[in-house]
Amino acid sequence: MKETLEKIHKSALEDIEKIQSTADIEEIRNTYLSRKSELNNIKKNLKDLSNEDKRIVGSLSNQITKDIEEKLNEKYQTFYQKELNEKLEKERIDITLPGSYTPFGKVHPLTQTIEEITEIFQGMGFSVVHNENSPEVETEYFNFDMLNTPKDHPARDMQDTFYTQVAKNVVLRSQTSGAQIHEMLTNKPPIRVISPGRVYRKESVSARKNNLFHQIEGLIVDKDITFADLKGVMNEFLRLYFGASRPTRFRSSFFPFTEPSAEVDVQCIMCEGKGCRTCSGTGWLEILGCGMVDPNVLNNVGVDPEVYTGFAFGMGVERLAMLKWGIDDIRLFFNNDVRFLKQF
């Protein structure tokens with residue numbers, strides 16, 4: 001029994017000398033000191049020995065156990081400290097070095113423009129129409145018929161409007177003006193709302209046009225609303241968006257759903273009104289259409305035009321953003337070029 005213990009002790013010391021890491025220490029500890037180890041079995045069988053052998057074997061096994069534990073602890077302290085130092089050195093941070101830059105995502109310039117315009121109109125008492133009153137997939141009834149657009153109007157042609165295969169007379173809306181119909185059918189006057197959203201038209205994609213773009217529709221319906229109210233709201237919006245120093249003008253125009261109608265121009269930002277390629281030499285750029293709500297439209301939604309009047313306006317978000325920031329190509333908004341987007 002004594003020889004067996006000395007053999008176990010010698011083997012343990014040899015294995016301890018070969019230790020290369022803290023993981024090796026745990027492996028040796030399990031081999032020689034665990035409950036299932038040979039050394040522990042000898043201790044459990046001491047009861048079968050004579051009293052003299054119990055004293056000798058018990059004392060020797062305890063000494064061996066203690067010696068193995070002490071040497072393992074020494075090794076553990078050595079390798080633990082070594083591994084800790086290596087880890088700390090690897091994770092060491094030089095606080096004198098400049099910090100690494102982590103880029104953050106930014107709001108898309110079109111979203112920025114929509115938010116800015118929305119904030120301006122909310123400041124004038126407008127509410128924002130929710131999606132259920134402004135669907136992108138629309139019927140001809142709401143996109144054209146209820147807006148007083150004749151059956152033979154060119155805008156209804158398939159070369160101008162996207163007709164879907166979902167059902168007959170279902171289109172991708174070509175304007176946000178349908179939102180005013182939904183709103184007047186849902187709520188009775190007084191109404192003061194704006195409706196931002198995407199619209200679709202069969203356009204040849206170029207620097208000035210895209211077949212997907214964004215509009216913001218506005219509508220006021222109440223008693224005693226006049227064209228002077230329309231001009232006041234539009235001029236205030238343009239003052240807040242472009243600045244008070246930017247001249248504007250109203251031009252007579254035609255839209256099926258407004259009468260009288262007007263287009264609003266702003267002095268060309270590129271040439272300051274002197275005339276250039278961007279404004280076709282006129283010194284002015286069209287930015288939105290507007291007008292008094294046609295009585296036929298009010299009748300279509302059950303609003304008495306003898307009691308209520310109102311005005312509507314629609315503006316292209318891309319055009320407003322291009323004018324404000326001097327952007328000469330609408331396609332830049334949709335190309336996801338980080339070099340362009342990070343400027344905003």
Side-chain angles (χ1 to χ4, degrees), residues 1-116 118-119 128 130-132 136-137 196 198 212 332-344:
M1 188 70 69
K2 184 178 178 181
E3 291 79 7
T4 302
L5 287 171
E6 290 174 348
K7 184 178 179 181
I8 293 172
H9 191 199
K10 181 181 178 182
S11 177
L13 294 178
E14 290 174 351
D15 288 342
I16 290 173
E17 287 300 319
K18 299 176 183 177
I19 288 175
Q20 298 296 321
S21 67
T22 53
D24 295 339
I25 293 173
E26 293 305 314
E27 184 177 348
I28 293 172
R29 191 185 301 277
N30 289 331
T31 302
Y32 294 99
L33 301 179
S34 67
R35 293 177 59 187
K36 296 182 179 180
S37 67
E38 187 176 2
L39 181 59
N40 195 59
N41 286 333
I42 292 174
K43 290 181 179 181
K44 288 193 295 185
N45 294 324
L46 287 175
K47 62 181 184 298
D48 298 329
L49 302 178
S50 65
N51 291 335
E52 181 64 20
D53 289 340
K54 282 181 183 179
R55 183 181 62 81
I56 297 172
V57 173
S59 176
L60 182 59
S61 60
N62 288 336
Q63 289 177 8
I64 293 172
T65 300
K66 182 180 179 181
D67 188 47
I68 293 174
E69 287 179 342
E70 289 177 350
K71 285 184 168 50
L72 286 176
N73 288 335
E74 290 174 4
K75 287 288 186 179
Y76 180 81
Q77 292 298 325
T78 300
F79 282 96
Y80 173 77
Q81 190 62 46
K82 178 183 177 182
E83 292 175 5
L84 179 62
N85 290 339
E86 291 174 352
K87 182 179 180 182
L88 291 175
E89 180 63 26
K90 185 178 180 180
E91 297 177 356
R92 185 173 66 90
I93 299 174
D94 186 350
I95 60 174
T96 64
L97 294 175
S100 58
Y101 171 70
T102 302
F104 291 91
K106 296 183 179 180
V107 179
H108 192 278
L110 290 181
T111 304
Q112 289 185 42
T113 304
I114 292 173
E115 290 176 349
E116 182 180 359
T118 299
E119 184 176 350
V128 181
H130 298 293
N131 291 334
E132 58 266 22
E136 293 183 27
V137 180
R198 290 176 292 196
L212 159 66
L332 291 171
F333 291 116
F334 303 95
N335 289 343
N336 292 325
D337 190 329
V338 176
R339 294 172 300 177
F340 170 74
L341 296 177
K342 71 180 181 180
Q343 298 178 60
F344 304 92

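As the structure is a computational prediction, the values presented were derived from the model and not from experiment.
- Between the Q343 side chain and the R339 main chain, a donor and an acceptor come within less than 3.5 Å of each other.
- For E69, the CD atom sits in a packed shell: over 12 heavy atoms of surrounding residues, nucleotides or ligands are nearer than 6.0 Å.
- With a 4.5 Å cut-off on side-chain heavy atoms, L212 and R198 count as touching.
- Taking the side-chain hydrogen bond (donor to acceptor under 3.5 Å, both in side chains) definition, one finds that E116 meets it with K324, sequence neighbours left out.
- If you take CZ on F344 and OG1 on T111, they are separated by 12.0 Å, rounding to the nearest 0.5 Å.
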| field | Stepwise salt bridge (Lys or Arg N to Asp or Glu O under 4.0 Å) test for K71 and E74 | value | CA-CA 5 Å; K71 285 184 168 50; E74 290 174 4; 5.9 Å; no

| task | Take K106 and L341 through the side chain to side chain contact (heavy atoms under 4.5 Å, CB included) test and state the conclusion after the steps. | result | CA-CA 8 Å; K106 296 183 179 180; L341 296 177; over 6 Å; no

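- For the pair V107 and Q112, the tightest heavy-atom approach, listed with the atom from each and the gap, is O-NE2, 2.8 Å.
- The side-chain hydrogen bond (donor to acceptor under 3.5 Å, both in side chains) check on T31 picks up nothing, with sequence neighbours excluded.
- Relative orientation of the H108 and F333 rings is tilted, given thresholds of 30° and 60° on the angle between their planes.
- A search for side-chain hydrogen bond (donor to acceptor under 3.5 Å, both in side chains) contacts involving T96 returns D94, not counting sequence neighbours.
- Here the CD1-CG distance, from I68 to N73, works out to 12.0 Å after rounding to the nearest 0.5 Å.
- Shown here is E119, whose CD atom has no more than 12 heavy atoms of other residues, nucleotides or ligands within 6.0 Å.
- The two residues N30 and S34 make their nearest non-hydrogen contact at O-OG, 2.6 Å.
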